[in-house]
Amino acid sequence: MLNFTIGPVMSHDDILAVGAEQVPYFRTAEFSELMLENEALVNKFAKAPQGARAVFLTGSGTAAMEASVINFFNEQDRVLVIDGGSFGHRFVELLELYDIPHTVIKPEFGHDITAEMLQVYDGQGYTGFLVNVHETSVGVLYDIKVISEFCARNHIFLVVDSISSFLCDPFAMAELHVQAMITSSQKALACPPGVSVIVMTAEAVERAYRNKPKAMYLDLKLALKNGERGQTPFTPAVSILRQINARLKQIDVSGGVEAEIERVKRLALYFREGIRRFPLEIASHSLSNAITPLLVRPGHSAHNVFEVLKNEHGIWICPNGGDLKDKLFRVGHAGALCERDYDALFAAFADVQQKGLI
Ligand SMILES: *Cc1c(COP(=O)(O)O)cnc(C)c1O
């Protein structure tokens, strides 16, 4: 199997081996130590400020998105939210569900947001900002510096879903005045799905302790309090947390977050160079290193390409849904991949081209 989707992604063999071990009991000093190490390494890779905390929730990335919405905001807030694709839209749906006043900013398909788009909201009394820094569904990486400057000058609490961008694109939480950053296990962390992470500044921690969400499992107060001693309020996905520990340490001893970002970037550039010989168009004007979104020519079906690669070549690319189903597919660059894997993908694309599918 060769998997170029953006999550779950290919795991390294030593990480897979950890997942094959018996699952240990977790109310122990050993597991607490492992969790405190996970927290310290995630904070380090996020370049979080002094006093930051990270909590690990058992639930896919959306659990951390929902927890962020209900723990950092309430009906008294006014939140700006970027809706540039299905993940941005998920934030909008969460804000609607919990009756949190909000205004939606919709960038043009395939395009970044601009300073001018935000300027109109200067001095309007907004208190929060929600963005998926990389809108994975269409492969657009937003200019976090522009968003950060806007939030800083308006004293707005900035929450960034960095799920598919973490370990793929440069990011520095402290420098960018990001109050909370979200990621999850199945993207560049290259572990099985099931664990999501929220890194919080001291201010975000304080806000979570003040807020009163109508939830128990996703109430961050419990996770923060238990996390002080390296524990979780409920039985966590122990096995995945052990895999995350092995993976974080692997990154740490192999040159750290910078080296991992460079590795993903090198693969992205290798793919983008090689794909030029095929009649496919890169759909995004602001690419993340995490994926390359590709448009097929009119009269062809992107979904069909996905099906043929999967069924005839054992290769997974990432299909799109909804209106984009037949127009767009995506190729990921995170996880345990190398140049040789992309050569195999190019050979499969040559076959698909020969069949007249692209
Ligand atoms: C993958 C992803 C998520 C998480 O979705 P889940 O299916 O709940 O794991 C959230 N936001 C972004 C930007 C993502 O890429």
Side-chain angles (χ1 to χ4, degrees), residues 3-11 42 46 55-70 72 81-95 97 104-107 109-110 112-113 129-144 147 158-169 171 173 178 180-199 217-218 236-237 240-241 243-244 264 268 283-284 286-293 316-322 324 328-335:
N3 179 5
F4 296 95
T5 67
I6 187 57
V9 304
M10 305 277 285
S11 294
V42 164
V55 296
F56 294 76
L57 304 173
T58 292
S60 74
T62 307
M65 291 171 72
E66 185 156 357
S68 297
V69 168
I70 64 177
F72 300 136
V81 56
I82 310 258
D83 178 0
S86 58
F87 292 107
H89 197 67
R90 194 167 297 175
F91 268 142
V92 176
E93 287 178 329
L94 284 164
L95 290 163
L97 179 62
V104 179
I105 302 172
K106 257 187 178 295
F109 174 80
D112 197 355
I113 54 120
F129 200 111
L130 278 172
V131 63
N132 321 85
V133 67
H134 176 220
E135 176 48 77
T136 324
S137 64
V138 289
V140 174
L141 182 71
Y142 298 127
D143 189 337
I144 189 66
I147 295 169
L158 173 58
V159 177
V160 176
D161 165 0
S162 191
I163 294 181
S164 64
S165 183
F166 184 60
L167 305 174
C168 297
D169 304 304
F171 186 81
M173 208 174 151
V178 172
M181 188 213 81
I182 306 169
T183 193
S184 68
S185 55
Q186 82 275 27
K187 304 277 164 87
L189 269 174
C191 287
V195 170
S196 52
V197 186
I198 310 177
V199 182
Y217 202 83
L218 292 182
I240 301 171
L241 289 164
Q243 289 176 289
I244 288 175
V264 176
S284 166
S286 179
L287 288 164
S288 157
N289 294 321
I291 60 164
T292 306
W316 274 253
I317 55 172
C318 207
N320 270 72
L324 296 171
L328 191 75
F329 62 76
R330 295 159 297 156
V331 174
H333 312 299

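Side chains included, hydrogens not; waters and symmetry mates left out as well; all remaining heavy atoms used. Counting convention: from 1, in listed order, for ligands and their atoms alike.
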side-chain hydrogen bond (donor to acceptor under 3.5 Å, both in side chains) partner of Ser164, chosen from Thr183, Thr136, Asp169: Thr136

Rounded at 0.5 Å granularity, tell me how far CZ in Phe4 sits from CH2 in Trp316. 12.0 Å

State which residues pass side-chain hydrogen bond (donor to acceptor under 3.5 Å, both in side chains) with [X]; sequence neighbours excluded, sorted by chain then number.
X: Ser137; result: Glu135
X: Ser184; result: Gln186
X: Thr292; result: Arg272, His333

Any Met173 side-chain heavy atom under 4.5 Å of Val199 side chain: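 Touching, per the 4.5 Å side-chain cut-off.
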
First-shell residues of ligand 1 [heavy atom, distance under 4.0 Å]: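 Lining ligand 1: Ser60, Gly61, Thr62, Met65, Phe87, Arg90, His134, Thr136, Asp161, Ile163, Ser164, Gln186, Lys187.
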
